[in-house]
Undergrad: 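A single structure is presented below for examination.
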Amino acid sequence: MVFEDVLLPEDALVGEEGAGWAQVNAELAFERSGPERVLSSAVLLDEWIGWLRAGATDAASTALLGRLLGHLAVLRAMSVAVTDRLVRGESPVVEAALVKDLGTEFEQAVPALLEDRLGADPAREPPAALLRALAYTSAMAPSYSLRGGTREILRGMIARGMGLR
């Protein structure tokens, strides 16, 4: 869509005049670093934790749970730090891209890791809700890398921000 010779009142201006690119980058940073970037697999993780609490735990599952929760805590802290910088008017484009890239990696790893854990002991039958969440999340996981920029774009931004490109 192209607009030509459109006149708008001064109060229609969003942000500061001439700062449109900065506004777009800020919006993308919010999109890329928001907590929803790491929560697409949360229902699956919650179902699995519920099953573990019901007595289906073992040493390998406990270790995996600790590793996943540790990653989740770090990703949350990174997301909060980027949000803080955005609130202060900064433009953490590289940091937001990093949160998005690492968050996507986490989200896509959760179903694969849980498939491995559940398959390690085929004698234990997981509950139907856990299997449904696993099937859905496994099917959707490839699409997680498309939201907010593909990995190649994000990693190019990160490399450029680090002076590697």
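Everything numeric in this text was worked out from a predicted model, so none of it was measured. In this chain, residues are counted from 1 in sequence order. Only this structure's heavy atoms are used, side chains among them; waters, hydrogens and symmetry mates stay out.
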Undergrad: Got L98 and L102 here, is their nearest side-chain heavy-atom distance under 4.5 Å?
TA: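 The answer is yes, as the side chains (C-beta and beyond) meet within the 4.5 Å cut-off.
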
Undergrad: So do E115 and S138 actually touch side chain to side chain, heavy atoms under 4.5 Å?
TA: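 S138 reaches E115 side chain to side chain.
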
Undergrad: If we ignore hydrogens and angles and just use 3.5 Å, is the side chain of S61 paired with the main-chain N or O of T57 as donor and acceptor?
TA: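 No, because the side chain of S61 does not come within donor-acceptor range (under 3.5 Å) of the backbone of T57.
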
Undergrad: Between the main-chain N or O of S40 and the side-chain N or O of E107, is there a donor-acceptor pair closer than 3.5 Å?
TA: yes

Undergrad: Report yes if some heavy atom in the side chain of L65 is under 4.5 Å from a heavy atom in the side chain of I49; otherwise report no.
TA: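 The answer is yes, as the side chains (C-beta and beyond) meet within the 4.5 Å cut-off.
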
Undergrad: Look only at the side chain of S143 and the backbone of M140, and say whether a donor-acceptor pair between them is shorter than 3.5 Å.
TA: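 Yes, S143 side chain to M140 backbone: donor-acceptor pair under 3.5 Å.
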
Undergrad: Going by heavy atoms in the side chains, are P111 and L114 under 4.5 Å from each other?
TA: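 Heavy-atom side-chain distance check fails, nothing below 4.5 Å.
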
Undergrad: Flag the pair E4 / V2 as yes when at least one side-chain heavy-atom distance between them is below 4.5 Å, and no otherwise.
TA: yes

Undergrad: I would like to know whether S41 and T137 meet side chain to side chain donor-acceptor pair (under 3.5 Å); could you show each step before the answer?
TA: CA-CA 6 Å; S41 299; T137 308; 5.4 Å; no

Undergrad: So, do F106 and L39 sit near enough that their side-chain heavy atoms are less than 4.5 Å apart?
TA: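 No, side chains not in contact.
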
Undergrad: May I ask whether F3 and L8 are part of the same hydrophobic cluster, defined by side-chain heavy atoms of I, L, V, M, F, W, Y residues being less than 4.5 angstrom apart, directly or through others?
TA: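 Yes, it is one cluster - the side chains of F3 and L8 are joined through contacts under 4.5 Å.
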
Undergrad: Is any side-chain heavy atom of L118 closer than 4.5 Å to one of W48?
TA: yes

Undergrad: Under 4.5 Å between any side-chain heavy atoms of R124 and D58, yes or no?
TA: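 Side chain of R124 against side chain of D58, heavy atoms only: contact under 4.5 Å found.
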
